[in-house]
Amino acid sequence: MTEFALTALLCLAVLLPMAWSAMPAGRGGALHVGLAGAMILGGWAGMQAGRLPLTPAQAAVCAVAVSGCVGALYALAAGSLAALRHTDRSVSGAVINLVFALPALLMGGVNGGGTAEETLLRQTLTVRWQEMEISLLLPVGLLLAAAIAALLYATKWGIGVRAGGENPDAAAEAGLGRYASQAKGWLLAGLTAGIGGFSWHLNGPAGGFALSAAGMALLALAAVRGGGYRPVRTLLWAAALSLLRALSACAGQFSWVSGLQWPEETWLLLPYAAALLLMLVHGKEKSPAQRSVREF
């Protein structure tokens, strides 16, 4: 039960910052901003930075910083290409996301690492509390989510990012700049995705990193869509999907799960099937103008 709870919290610490930071871009229609690619490449880059000849503490800080920077740049590149090609609201937006993720898919590796350097990095970022080993990236992810919420909803900078993501035309008329305001949102989403990818690479359940991280990006986007681009609802959906993802990883620990005699693959696919169903149920996203009229 303890492992299930820690896995669920880890999933939430990875999903929630990505989901909240992706809301402005998603609400404007640019749902595919290379989130999967940013998470995969950011995670891979962070693990490579952790091998630098530094002290363990310095290597850990450097790894987190590099993962965030690489993820941000990756999302900026993907978002720029999507905007230039006018693919935000079409299927080709998803294709661009996959193309950008392809190099990182080939670099992936496995969750938890395996080399001596990766093991040392994991130990450096782990604390022991009441016979439990807890990754420091778990509270960091939750604090990052809180910082993202405060930044987007309590600062002038955040208002500009939301305005650019939700209605680029209105942002341009207000003097914020269409591309500049959107780019801030892409950078923010990529930053959280990169750090989330590093956390998932280091502490995620056993298995291939690249496909697993891409699945986590799908869960984050599903939480955004299911939550209707509202913070509290997105939080609730992120929590629900985190519980499903933790259940799929720890299904063997529960006797009632064994009693169902479902194949292991069924439990592994459960959170992703729920995410796809969630996105299909909510259907096509309305434009900001349509939403404004409806909500008024």
Side-chain angles (χ1 to χ4, degrees), residues 3-22 34-50 60 63-72 74-75 97 100-101 103-115 118-119 121-126 133-145 148 189-224 238-239 241-250 268 271-272 275:
E3 183 180 350
F4 170 77
L6 288 177
T7 303
L9 284 174
L10 173 65
C11 291
L12 185 62
V14 171
L15 287 180
L16 191 56
M18 282 198 297
W20 275 349
S21 62
L35 204 62
M39 186 174 183
I40 296 169
L41 192 60
W44 177 84
M47 295 299 285
Q48 307 313 306
V64 174
V66 168
S67 64
C69 291
V70 170
Y74 208 65
N97 193 41
F100 269 79
L105 285 169
L106 301 176
M107 300 171 184
V110 296
N111 282 343
T115 66
E118 291 170 343
T119 301
L121 182 61
R122 189 172 189 270
Q123 292 174 346
T124 303
L125 288 168
T126 299
E133 292 187 347
I134 302 176
S135 172
L136 290 173
L137 292 173
L138 194 157
V140 165
L142 297 177
L143 289 173
L144 182 60
I148 293 296
L191 174 72
T192 56
I195 295 175
F198 174 66
S199 178
W200 192 250
H201 202 318
L202 206 60
N203 303 295
F209 163 69
L211 291 177
S212 179
M216 290 296 287
L218 171 65
L219 297 186
L221 293 175
V224 172
L241 292 172
S242 295
L243 289 173
L244 282 178
R245 182 62 182 87
L247 179 61
S248 72
C250 306
L268 293 175
Y272 309 118

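- Separation of atoms CG (L6) and CG (L138) is listed at 7.0 Å; rounding is to 0.5 Å.
- Residues that satisfy the side-chain hydrogen bond (donor to acceptor under 3.5 Å, both in side chains) test with S21, not counting sequence neighbours, are T192.
- Atoms CZ and NE2, from R122 and H201 in turn, are 12.5 Å apart once rounded to the nearest 0.5 Å.
- Under the side-chain contact (heavy atoms from CB on, under 4.5 Å) rule, C11 has a single partner from S248, S242, P205, which is S242.
- Using a 4.5 Å heavy-atom threshold, the side chains of E3 and T7 count as touching.
- Listed by first and then second residue, the side-chain hydrogen bond (donor to acceptor under 3.5 Å, both in side chains) pairs that reach into residues 134-143 are S135-N203, sequence neighbours excluded.
- In this structure a side-chain-to-backbone donor-acceptor pair under 3.5 Å is missing from S199 to I195.
- Nearest heavy-atom pair, L219 versus P271, reported as atom, atom and distance to 0.1 Å: CD2-O, 3.4 Å.
- Here the straight-line distance linking atom CD1 of I134 with atom CG of L10 works out to 11.5 Å at 0.5 Å rounding.
- To the nearest 0.5 angstrom, L137 atom CG is 6.0 Å from F198 atom CZ.
- The shortest heavy-atom contact between A222 and L241 is CB-CD1, 4.1 Å.
- Put simply, CE on M18 and CG on L191 are 12.0 Å apart, with the number rounded to the nearest 0.5 Å.
- Taking all atoms of both residues into account, the shortest heavy-atom contact from A19 to A220 is CB-O, 3.8 Å.
- Taking both residues in full, the closest heavy atoms of S212 and R245 are given as OG-NH2, 3.6 Å, listed atom of the first, atom of the second, then distance.
- Using a 4.5 Å heavy-atom threshold, the side chains of L243 and F4 count as touching.
- Residues L125 and L202 have side chains in contact (heavy-atom distance under 4.5 Å, counting atoms from C-beta outward).
- Atom CG of L15 sits about 7.5 Å away from atom CH2 of W200, to the nearest 0.5 Å.
- Summarising the geometry of V70 relative to A45, their closest heavy-atom pair is CG2-CB, 3.7 Å, with the distance given to 0.1 Å.
- For A36 against A217, the heavy-atom pair with the smallest separation is CA-CB, 3.6 Å.
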